[in-house]
Amino acid sequence: MSIPLDYEILRLIWWLLLGVLLIGFAVMDGFDLGVGALLPFVARNDDERRIVINVVGPVWEGNQVWLILGGGAIFAAWPALYATSFSGFYLAMIVVLFGIILRPVGFKYRSKIADPRWRGLWDLGLFIGGFVPALIFGVAVGNVLLGVPFTLDDVLRPSYHGSFFGLLTPFALLSGLVSVSMLVAHGASMLTLKTVGPIAARARSYGRIASVVTIVLFALAGLWVAKALPGYVVTSVQDTVGPSNPIGKTVEMQAGAWMLNYDKYGWMIIAPVLGFLGSLIAIIGFSARAAWASFFGTAIAIIGIISTAGLSLFPFLLPSSLDPAKSLTVWDASSSHLTLWIMLICVVIFLPIILAYTAFVYRVMRGKVTTESLGRNPNAY
């Protein structure tokens, strides 16, 4: 079968698509997590909590599709990355799944009994379901930048030598807090779009605080990466069109190496600039009561912050702290040329359908969520 795109180009396309899917998840499902984390703070009584829950209740399942797409893309396009990361971060994944599972259970069960203690328990579950995944996702990115303690044997079987609590290093926790603050700000911007009155006012207040915290923590993380965090550099020549085989290259750890791409490709500075600029736009939007401006700002901040991490790592997908030469890169951890091509065709066909359906759902669900709208909706939570 003749494939019109070179293997190198397809690998780059799938690296970009992986970033797009992860950003799509953070933007679409990120505000669900942020709203959950804000639930105990922006809602002071049962009616207000029902309004907050119903802001995300009708759409969270559709937003979750982006997480499934991202996981599926890793499985099919980067099988070595999937095998190593999902086995190495197994306990962390279980914690994330526990938090994610609490959301649908909380949505469905909360209103079954009118007892305040019963509802308060599920409200706590919804908070955990928002806060914990947001934290762990950021911790995972921090650990990727630090390097993951894994190695590969002669037949490329991964062996992980870390522990769950070993993931909770100071830099990884800082990365987790960056994730929490940016998603809380994004959740607050959605609440300003979809609610009125005291809930929207509190959301604006918390959104401003979260956006300021995002700027401060993102700057601290950037300084840490630039000044104190060793990075990884491939010092041998890699075959960008050869069969995938992570064994055989030479990799060195160097101080400040994660900043080298910004010296080599000047345009990459756009990513951190967007991270800061988006948060500033969000602060202005929250202060000016411009809901769409704040939502646009927090979305831009998410795009910039995640892109900063991805561009810093390139061409690495998962560096190994135990055996840097066995690190996984874009050029040696992908599926075959034919597999990437067939998957790209599927993406070209089905991704526009997903986007069109998502746009249709949000158009149907447009408008503010109020006590009156909940009273007219027998399916409201």
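Hydrogens, waters and symmetry mates play no part in the numbers below; they use all other heavy atoms, side chains included.
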ILVMFWY network linking [X] to [Y], side-chain heavy atoms under 4.5 angstrom:
| X | Y | answer |
| --- | --- | --- |
| Leu344 | Val330 | yes |
| Val233 | Val251 | no |
| Ile3 | Leu17 | yes |
| Val96 | Phe98 | yes |
| Val56 | Trp292 | yes |

Side-chain donor or acceptor of [X] paired with backbone N/O of [Y] under 3.5 Å:
| X | Y | answer |
| --- | --- | --- |
| His337 | Leu5 | yes |
| Asp6 | Glu8 | no |
| Trp14 | Leu340 | yes |
| Ser320 | Phe150 | yes |
| Asn54 | Gly57 | no |

Does some side-chain heavy atom of [Y] sit less than 4.5 Å from a side-chain heavy atom of [X]?
| X | Y | result |
| --- | --- | --- |
| Lys194 | Phe295 | no |
| Ser159 | Lys326 | no |
| Thr84 | Val148 | no |
| Trp331 | Asp239 | no |
| Phe107 | Trp60 | yes |
| Arg103 | Leu33 | yes |
| Trp224 | Leu229 | yes |
| Trp258 | Tyr232 | yes |

Inset, instruction - Tell me, please, which residues at least two apart from Arg119 pass side-chain hydrogen bond (donor to acceptor under 3.5 Å, both in side chains). - result: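 Residues passing side-chain hydrogen bond (donor to acceptor under 3.5 Å, both in side chains) with Arg119: Asp46.
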Inset, instruction - With sequence neighbours excluded, tell me which residues meet side-chain hydrogen bond (donor to acceptor under 3.5 Å, both in side chains) with Thr151. - result: none
Inter-residue atom distance [X].[atom1] - [Y].[atom2], 0.5 Å rounding:
| X | Y | atom1 | atom2 | value |
| --- | --- | --- | --- | --- |
| Leu217 | Leu174 | CG | CG | 6.0 Å |
| Leu91 | Leu167 | CG | CG | 8.5 Å |
| Ile13 | Leu18 | CD1 | CG | 14.0 Å |
| Leu69 | Gln64 | CG | CD | 11.0 Å |
| Ser327 | Lys249 | OG | NZ | 6.0 Å |
| Ser175 | Ile305 | OG | CD1 | 11.0 Å |

Inset, instruction - Enumerate the residue pairs fulfilling side-chain hydrogen bond (donor to acceptor under 3.5 Å, both in side chains) with a member in residues 261-285, sequence neighbours excluded, ordered by first and then second residue. - result: Tyr262-Ser312
Inset, instruction - Determine the interplanar angle of the Phe276 and Phe218 rings, folded into 0 to 90°, and report it as parallel if under 30°, tilted if 30 to 60°, perpendicular if over 60°. - result: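 Ring orientation, 0 to 90° scale: tilted.
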Inset, instruction - Take the angle between the ring planes of Phe314 and Trp15 and call it parallel below 30°, perpendicular above 60°, tilted in between. - result: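 Correct class here is tilted.
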Which heavy atom in [X] sits nearest to a heavy atom in [Y], and how many Å separate them?
| X | Y | answer |
| --- | --- | --- |
| Tyr7 | Ser244 | OH-OG, 3.8 Å |
| Leu193 | Ala291 | CD2-CB, 3.6 Å |
| Leu21 | Ala73 | CD1-CB, 3.6 Å |
| Pro79 | Ser334 | CD-C, 4.1 Å |
| Val184 | Leu38 | O-CD1, 3.5 Å |

Legend entry - Side-chain H-bond candidate by donor/acceptor type, Thr214 with Ser181, under 3.5 Å: yes
Inset, instruction - Establish, from distance only, whether the side-chain atoms of Thr329 and Arg11 form a donor-acceptor pair under 3.5 Å. - result: no
Considering residues, nucleotides and ligands other than [X], do more than 12 of their heavy atoms fall under 6.0 Å from its [atom1]?
| X | atom1 | answer |
| --- | --- | --- |
| Phe86 | CZ | yes |
| Tyr357 | OH | no |
| Phe171 | CZ | yes |
| Lys368 | NZ | yes |

Legend entry - Verdict with supporting geometry, Tyr90 and Ile94, side chain to side chain contact (heavy atoms under 4.5 Å, CB included): CA-CA 6 Å; Tyr90 185 76; Ile94 292 297; 4.0 Å; yes
Inset, instruction - Check each of Arg110, Arg50, Arg117 against Asp123 using the salt bridge (charged side-chain N to carboxylate O under 4.0 Å, His left out) test, and report the only one that passes. - result: Arg110
Inset, instruction - Apply side chain to side chain contact (heavy atoms under 4.5 Å, CB included) to the pair Phe31 and Asn63, showing each step before the final yes or no. - result: CA-CA 9 Å; Phe31 67 74; Asn63 295 338; 3.4 Å; yes
